[in-house]
There are 2 protein chains.
Amino acid sequence: MASFTNSRAGDDRIGSLAESTGCPVETIRYYERVGLVPPPLRTQGGHRVYGPEHRDRLAFILRGRELGFSLDEIRELIGLTEQGDRACVTVEAIARSHIGSIRTRIARLTRMLEALERLARDCRRGRSPSCPILETLSAAQDGVEPRPKRPTRRAN
Amino acid sequence: MASFTNSRAGDDRIGSLAESTGCPVETIRYYERVGLVPPPLRTQGGHRVYGPEHRDRLAFILRGRELGFSLDEIRELIGLTEQGDRACVTVEAIARSHIGSIRTRIARLTRMLEALERLARDCRRGRSPSCPILETLSAAQDGVEPRPKRPTRRAN
DNA sequence: CCTTGAATCTGCAGCCACTGCAGATTTTAG
DNA sequence: CTAAAATCTGCAGTGGCTGCAGATTCAAGG
């Protein structure tokens with residue numbers, strides 16, 4: 001039940017903000033530390049008191065995370081919201097580049113998945129004399145093709 | 001050209017091992033530090049000298065990583081190879097659980113991708129008065145459903 | 001033999017996005 | 001007023017590397 005307190009209505013302690021947004025308390029504090037959520041007011045004892053603006057900001061961050069944006073990308077998006085809305089082009093650029101990286105990750109995972117499923121199927125059939133998975137991992141094939149000077153790094 | 005040295009043939013310094021396997025030098029040392037690659041012999045000056053057994057072990061690890069196994073899983077798989085091959089069932093269990101987690105990750109990424117593509121499409125069409133991506137992120141929907149006591153954590 | 005430059009050594013800090021803990025303090029319910 | 005719950009700060013740890021500084025060693029050329 002909403003009881004009356006001496007704070008304004010809609011103000012939250014960190015616990016209730018956490019509960020209602022689904023974001024852990026520690027993470028909220030972390031977002032404040034890294035400058036994504038502005039520092040809220042405090043009680044005399046030092047407890048944080050959040051207003052609607054904080055709640056909105058946190059929600060923004062969480063939705064961004066759900067879409068897979070990094071905290072840096074989210075920071076950038078926040079910046080754009082704050083400086084007028086003609087930045088749609090920039091936003092789209094960020095989104096498109098993010099889409100690209102998601103596609104890459106999916107492709108990579110799909111390759112892994114296919115390889116593993118093949119191996120697991122062979123396991124099940126018992127076609128191999130010993131374990132085909134270990135065989136594959138131990139197989140003395142030629143090494144991977146040598147790495148280029150600038151090592152190609154890929155996100156897993 | 002293979003020139004003769006006073007080391008046994010097939011022995012490698014860390015640099016040539018790195019080049020031929022495609023695994024960065026620092027990563028090889030890291031694998032040694034965490035106990036995945038056994039400590040090699042050393043020259044009098046302290047430089048590492050690798051034999052074929054190290055090369056094989058490293059290759060095993062790299063193939064495992066290509067299949068997306070964690071270093072802990074790889075450690076476990078190494079343990080299994082070392083204690084006879086009747087462990088195929090265990091191997092399959094590890095692989096299957098890994099397959100599950102890959103499927104989950106793909107599903108999650110696919111959801112993100114679809115949502116983002118929809119938004120980016122709207123951007124392009126210019127259907128919205130302001131930027132639909134920022135709109136979505138800022139939208140004052142109801143909060144996420146409250147988190148359960150034991151917070152559901154998901155790998156991104 | 002000596003010099004030079006490349007390779008390697010150790011140790012430690014940083015990356016991302018949190019997560020968890022200890023120990024102190026504040027708030028709230030009864 | 002007390003006891004329990006919530007919150008505070010600060011710091012360390014996660015995984016899997018990656019990068020740097022500064023010292024040392026190695027291999028080739030003169």
Side-chain angles (χ1 to χ4, degrees), chain A residues 1 3-7 11-19 21-37 39-50 58 61-62 64-75 101 105 147 149-156, chain B residues 3-7 11-19 21-37 39-50 58 61-62 64-75 98 101 105 147 149-156:
Chain A
M1 259 138 263
S3 57
F4 291 101
T5 69
N6 43 8
S7 333
D11 285 0
D12 275 320
R13 293 312 180 68
I14 201 171
S16 63
L17 183 58
E19 201 183 355
T21 56
C23 180
V25 169
E26 299 85 358
T27 304
I28 299 177
R29 280 195 289 248
Y30 169 75
Y31 287 158
E32 179 184 335
R33 208 164 61 244
V34 300
L36 281 169
V37 169
L41 295 173
R42 301 281 189 137
T43 64
Q44 297 209 306
H47 287 198
R48 293 170 177 82
V49 179
Y50 293 99
L58 181 56
I61 297 166
L62 295 176
R65 294 292 298 141
E66 261 169 57
L67 291 175
F69 287 106
S70 71
L71 294 190
D72 272 351
E73 287 168 326
I74 291 173
R75 209 187 309 276
S101 87
R105 282 151 79 194
R147 211 168 251 234
K149 290 272 166 70
R150 301 253 165 242
T152 24
R153 64 186 85 244
R154 57 212 160 173
N156 200 0
Chain B
S3 59
F4 290 101
T5 70
N6 45 6
S7 333
D11 284 2
D12 275 320
R13 292 312 179 69
I14 201 171
S16 63
L17 183 59
E19 201 183 354
T21 57
C23 180
V25 168
E26 300 85 356
T27 304
I28 299 176
R29 282 196 288 248
Y30 170 74
Y31 287 158
E32 180 184 335
R33 206 164 64 244
V34 299
L36 281 169
V37 169
L41 294 173
R42 301 282 187 135
T43 63
Q44 298 210 306
H47 287 197
R48 292 170 176 82
V49 178
Y50 294 99
L58 182 56
I61 297 167
L62 294 177
R65 293 258 60 209
E66 261 170 56
L67 291 175
F69 288 106
S70 71
L71 294 189
D72 272 350
E73 286 167 327
I74 291 172
R75 211 188 309 276
H98 188 52
S101 87
R105 282 151 78 193
R147 212 167 250 234
K149 290 273 166 70
R150 301 252 166 242
T152 22
R153 67 187 81 242
R154 59 213 159 175
N156 200 356

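What you see below is based on every heavy atom in this structure, not just the backbone, and it leaves out hydrogens, waters and symmetry mates. Quick note on labels: first sequence line is chain A, next is B, and so on, each numbered from 1. Quantities reported herein were computed from a predicted structural model and do not represent experimental measurements.
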Do any side-chain nitrogens or oxygens of [X] fall under 4.0 Å of OP1 or OP2 in [N]?
X       : N      : value
B/Thr27 : D/dT18 : yes
B/Arg65 : D/dC17 : yes
B/Arg48 : C/dT10 : yes

Between [atom2] on [N] and [atom1] on [X], what's the gap in Å once rounded to a whole number?
X       : N      : atom1 : atom2 : value
B/Tyr31 : D/dT18 : OH    : C1'   : 12 Å
B/Glu32 : C/dT8  : CD    : P     : 14 Å
A/Glu73 : C/dC15 : CD    : P     : 17 Å
A/Arg33 : C/dA17 : CZ    : C1'   : 11 Å
A/Asp72 : C/dG14 : CG    : P     : 17 Å
A/Ile14 : C/dT19 : CD1   : P     : 14 Å
A/Tyr30 : D/dC11 : OH    : C1'   : 15 Å
B/Leu67 : D/dG16 : CG    : P     : 15 Å

Measure the shortest side-chain to side-chain distance between A/Ile74 and A/Tyr31 over non-hydrogen atoms and say whether it is less than 4.5 angstrom.
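Counting from C-beta outward, A/Ile74 and A/Tyr31 never come under 4.5 Å.
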When you compare the side chain of B/His47 with that of B/Arg42, does any pair of heavy atoms fall below 4.5 Å?
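A side-chain contact is absent here, since even the closest heavy-atom pair is not under 4.5 Å.
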Shortest side-chain distance from A/Ser70, nucleotide among D/dC17, C/dC18, C/dA17:
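Looking only at side-chain atoms, A/Ser70 lies closest to C/dA17.
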Using a 4.0 Å heavy-atom cut-off, does B/Arg29 contact any base of the nucleic acid, only the sugar-phosphate backbone, or nothing at all?
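If one applies the 4.0 Å heavy-atom cut-off, B/Arg29 turns out to touch a base.
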Quick one: ring pair (Phe, Tyr, Trp, His ring centres under 6.0 Å) partners of B/Tyr50, sequence neighbours excluded?
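Expected list: B/His54.
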Within the distance-only criterion (no hydrogens, no angle test), does the side chain of B/Arg65 pair as donor or acceptor with the backbone N or O of B/Phe69 below 3.5 angstrom?
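Side chain of B/Arg65 to backbone of B/Phe69, a donor-acceptor pair under 3.5 Å: yes, one is there.
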Once base and sugar-phosphate atoms are separated, protein heavy atoms under 4.0 Å mark nucleotides 21-26 of chain D, 5' to 3', with B, S and - as ----SS
With sequence neighbours excluded, what pairs up with B/Arg29 under the salt bridge (charged side-chain N to carboxylate O under 4.0 Å, His left out) test?
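B/Arg29 satisfies salt bridge (charged side-chain N to carboxylate O under 4.0 Å, His left out) with no other residue.
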So which heavy atom on A/Ala18 is nearest to which on A/Pro24, and how close?
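Looking at all heavy atoms of both residues, the closest pair is CB-C, 4.3 Å.
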Closest non-hydrogen atom pair, B/Pro40 against B/Val49
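Scanning both residues, the minimum pair turns out to be CB-O, 3.3 Å.
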